[in-house]
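Note that the numbering runs from 1 along the sequence shown for the chain.
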Amino acid sequence: MQFLVKIFAMILVPVGLVALMLPIPGAFLVLALGITMLIATSEKSRKHIRALRARYTRFNRSMEWLEDRTGERVGAILRQTQPFENDEV
């Protein structure tokens with residue numbers, strides 16, 4: 001089952017990225033859902049997202065915005081990728 005979730009998430013992320021460039025409502029939510037599913041199912045994805053958040057301030061702010069607005073369960077998954085204090089920006 002986890003394999004299917006990863007495959008579905010890997011489809012949602014590029015679809016969300018393409019949809020961001022088109023006038024499609026909810027594109028950001030599709031992208032966020034894909035990222036959340038990847039974070040929930042893969043330690044490697046968590047580490048990669050954490051590194052991206054440490055490097056790109058705007059991406060980190062977007063993820064923090066999502067953490068605050070997506071509810072307790074999804075927010076907890078997203079908070080797993082918060083950069084460590086000693087990570088360089």
Side-chain angles (χ1 to χ4, degrees):
M1 183 67 172
Q2 191 174 14
F3 177 73
L4 293 175
V5 172
K6 284 182 187 179
I7 295 295
F8 187 61
M10 286 189 275
I11 292 170
L12 285 178
V13 170
V15 167
L17 287 172
V18 170
L20 283 174
M21 295 177 238
L22 302 172
I24 298 174
F28 194 68
L29 292 175
V30 172
L31 180 61
L33 179 63
I35 290 172
T36 302
M37 291 170 73
L38 282 174
I39 292 168
T41 58
S42 169
E43 179 65 32
K44 193 173 189 177
S45 294
R46 272 189 292 269
K47 289 179 182 179
H48 187 67
I49 298 292
R50 185 177 294 124
L52 287 173
R53 288 181 71 167
R55 185 170 182 181
Y56 299 106
T57 306
R58 186 172 180 189
F59 180 66
N60 188 41
R61 283 194 311 252
S62 297
M63 293 294 285
E64 287 173 349
W65 183 85
L66 279 173
E67 289 170 7
D68 294 338
R69 287 163 180 80
T70 53
E72 223 174 278
R73 294 177 85 185
V74 175
I77 293 169
L78 294 174
R79 277 188 280 285
Q80 293 176 6
T81 63
Q82 287 179 340
F84 299 122
E85 291 196 23
N86 59 354
D87 286 344
E88 292 185 22
V89 175

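Annotation: side-chain contact (heavy atoms from CB on, under 4.5 Å) contacts of Leu20 (sequence neighbours excluded): Leu17, Ala27, Phe28, Leu31. Listed by chain and residue number, nothing satisfies the side-chain hydrogen bond (donor to acceptor under 3.5 Å, both in side chains) test with Gln2 (two or more places apart in sequence, or in another chain). Residues satisfying the salt bridge (Lys or Arg N to Asp or Glu O under 4.0 Å) criterion with Glu72, sequence neighbours excluded, are absent altogether. Taking Ser45 as the reference, Ser42 meet the side-chain hydrogen bond (donor to acceptor under 3.5 Å, both in side chains) condition, with sequence neighbours excluded. Not counting sequence neighbours, Thr36 has no partner by the side-chain hydrogen bond (donor to acceptor under 3.5 Å, both in side chains) test.
For the pair Met10 and Leu38, the tightest heavy-atom approach, listed with the atom from each and the gap, is CG-CD2, 4.0 Å. Shortest non-hydrogen contact noted between Ile35 and Met63 is CG2-CE, 4.2 Å. Closest heavy-atom contact between Arg50 and Pro83: CG-CA, 3.8 Å.
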(Q) Between Val74 and Glu67, is the side chain to side chain contact (heavy atoms under 4.5 Å, CB included) condition met? List the steps. (A) CA-CA 7 Å; Val74 175; Glu67 289 170 7; over 6 Å; no

**Q.** Chi angles and distances behind the side chain to side chain contact (heavy atoms under 4.5 Å, CB included) call for His48, Leu52
**A.** CA-CA 6 Å; His48 187 67; Leu52 287 173; 3.8 Å; yes

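More than 12 heavy atoms of other residues, nucleotides or ligands shown are found within 6.0 angstrom of CZ on Arg69.
Under the 4.5 Å side-chain heavy-atom criterion for Ile, Leu, Val, Met, Phe, Trp and Tyr, Val18 and Ile7 are members of distinct hydrophobic clusters. Hydrophobic clustering (ILVMFWY, side-chain heavy atoms < 4.5 Å, transitive): Phe3 and Val13 are in one cluster.
Within the structure, the salt bridge (Lys or Arg N to Asp or Glu O under 4.0 Å) test picks out the following pairs touching residues 26-45 (sequence neighbours left out): Glu43-Arg46.
Screening Leu4, Leu12, Val5 for a side chain to side chain contact (heavy atoms under 4.5 Å, CB included) involving Phe8 leaves a single residue, Leu12.
Here the NZ-OG1 distance, from Lys47 to Thr81, works out to 14.0 Å after rounding to the nearest 0.5 Å. In this structure, CG on Leu29 lies 13.0 Å from CD1 on Ile24, to the nearest 0.5 angstrom. For the atom pair CG of Asp68 and CG of Leu78, the computed distance is 10.0 Å after rounding to the nearest 0.5 Å.
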